[in-house]
Amino acid sequence: MADVDTGLRVVVTGAASGIGAATATRFRADGARVAGIDRDAEGLARVELDARLVAEVSAPDEITPAIDEAAERLGGLDVAVACAGIATRGTVADTPPEDWERLFAVNTYGVFLTARAAIPHLRAAGGGAIVNVASQLGLVAAANAAAYCASKGAVVQLTRAMAIDHGPEGIRVNCVCPGPTDTPLLAPYFAAAPDPEAERLTYENAQVHGRLVTAEEIADAISYLASPRAASTIGAALVVDGGYSIR
């Protein structure tokens with residue numbers, strides 16, 4: 001892995017919007033070459049990237065060749081960032097099984113498939129970093145979010161297991177755990193509420209600094225975890241939630 005940020009070869013899933021787009025932008029600002037993967041081709045076209053690849057992260061026959069192509073077009077890989085994710089509301093009692101399966105397919109299975117495809121390229125580079133986007137709801141619980149909490153908790157534990165397995169190969173694995181972040185993923189929660197403005201205010205007040213986290217703040221955390229500055233940060237779940245989870 002390169003000993004400075006510039007020159008890194010990075011692949012980011014979920015790169016068409018939100019945290020993924022902000023992460024791609026941050027890495028490119030640091031001098032990295034970035035391949036973005038998303039199922040949203042139009043969204044990808046709006047993000048400054050060195051390579052754009054359309055793929056579904058939960059489909060092995062799509063995400064694996066996409067990451068292989070990303071590595072080919074970038075001349076290898078140093079960093080893989082798994083940002084793709086979806087959300088849904090509901091308790092165990094009222095979540096349709098198909099919604100549960102879809103959430104785990106993207107949020108958890110997609111992280112597994114991304115790492116599985118990226119690891120051979122990181123090995124070939126002599127090591128590197130994987131950063132998974134989990135959530136503070138992978139560490140603490142919230143009402144009416146059973147599937148989401150479970151899927152993100154699985155990402156936290158998968159990250160820790162991968163860190164043990166692949167750390168000796170020089171592949172550091174960590175995850176970032178965002179709090180409520182001002183991205184398109186959160187917008188439907190507000191829109192579905194009887195009073196969207198009041199719902200947004202509730203989310204803002206749940207954080208100690210009284211506002212939503214920005215996608216750029218999460219991107220900063222991902223950039224740090226992927227960099228040589230975090231050489232001894234292994235298997236960590238870095239919480240960036242404005243103090244949400246300390247209350």
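Values reported hereafter were calculated over all heavy atoms of this structure, with side chains retained and with hydrogens, waters and symmetry mates removed.
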### Message
Assess the residue pair Val239 and Ser245 against the criterion (side chain to side chain contact (heavy atoms under 4.5 Å, CB included)); give the C-alpha distance rounded to whole Å, side-chain angles, the decisive distance to 0.1 Å, and a yes or no.
### Response
CA-CA 9 Å; Val239 179; Ser245 58; 3.8 Å; yes
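Under the 4.5 Å side-chain criterion, counting only non-hydrogen atoms from C-beta, Asp68 is in contact with His121. Between Val57 and Val106, some side-chain heavy-atom pair lies under the 4.5 Å cut-off. Leu8 is not listed as a side-chain neighbour of Asp30, based on a closest heavy-atom distance of 4.5 Å or more. Counting heavy atoms from C-beta on, the side chains of Phe27 and Val81 come closer than 4.5 Å. By the 4.5 Å heavy-atom criterion applied to side chains, Ile19 and Ile222 are counted as neighbours. With contacts defined as side-chain heavy-atom distances shorter than 4.5 Å, the pair Arg123/Ile119 qualifies. By the 4.5 Å heavy-atom criterion applied to side chains, Arg247 and Val208 are counted as neighbours. Taking the side chain as every heavy atom from C-beta outward, Leu137 and Tyr244 approach each other to under 4.5 Å.
The main-chain N or O of Ala84 is found under 3.5 Å from a side-chain atom of Thr13 such that the two form a donor-acceptor pair. Side-chain N or O atoms of Ser151 include none that pairs as donor or acceptor with a backbone N or O of Thr108 at under 3.5 Å. Without hydrogens or angle criteria, Gln207 side chain to His209 main chain gives no donor-acceptor distance under 3.5 Å. Side chain of Thr114 to backbone of Gly110: a donor-acceptor contact under 3.5 angstrom is found. In this structure, the side chain of Asp99 does not engage the main chain of Pro96 through any donor-acceptor pair within 3.5 Å. A donor-acceptor pair under 3.5 Å links the side-chain atoms of Arg172 to the main chain of Ala230, judged by distance alone. A side-chain donor-acceptor contact under 3.5 Å links Asn107 to the backbone of Ile86. Remark: the backbone N or O of Pro60 is not paired with any side-chain donor or acceptor of Arg116 at under 3.5 angstrom. Although no hydrogens or angles enter the test, the distance criterion places no donor-acceptor pair under 3.5 Å between the side chain of Arg28 and the main chain of Val34. In terms of modelled atom types and a separation under 3.5 Å, the side chain of Lys152 and the main chain of Val133 share a donor-acceptor contact.
For Phe190, the ring pair (Phe, Tyr, Trp, His ring centres under 6.0 Å) test picks out Tyr203, with sequence neighbours left out.
Enclosure of atom CZ in Arg39 is not indicated, since only 12 or fewer non-hydrogen atoms of other residues, nucleotides or ligands lie within 6.0 angstrom. Few gaps surround CZ on Arg211; more than 12 heavy atoms of other groups in view lie less than 6.0 Å from it. Other residues, nucleotides and ligands place no more than 12 heavy atoms under 6.0 Å from the CD atom of Glu42. Within a 6.0 Å sphere centred on CD of Glu72, heavy atoms belonging to other residues, nucleotides or ligands number 12 at most.
Donor-acceptor pairing under 3.5 Å is lacking for the side chains of Ser17 and Asp40.
Contact detail for Val47 and Arg52: the closest heavy-atom pair is O-NH2, 2.7 Å.
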Could you pull out every donor-acceptor pair under 3.5 Å between side chains of residues 173-188 and any protein atom, sequence neighbours left out?
from	atom 1	to	atom 2	distance (Å)
Asn174	OD1	Gly235	N	3.0
Asn174	OD1	Ala236	N	2.8
Asn174	ND2	Thr233	O	2.8
Thr181	OG1	Gly179	O	2.6
Asp182	OD2	Arg200	NH2	3.4
Thr183	OG1	Leu185	N	3.3

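When the options Leu49, Ile63, Leu44, Val54 are evaluated for a side chain to side chain contact (heavy atoms under 4.5 Å, CB included) with Ile37, the one that passes is Ile63.
In terms of hydrophobic clustering, with Ile, Leu, Val, Met, Phe, Trp and Tyr side chains grouped at heavy-atom distances under 4.5 Å, Leu122 and Ile234 are assigned to different clusters.
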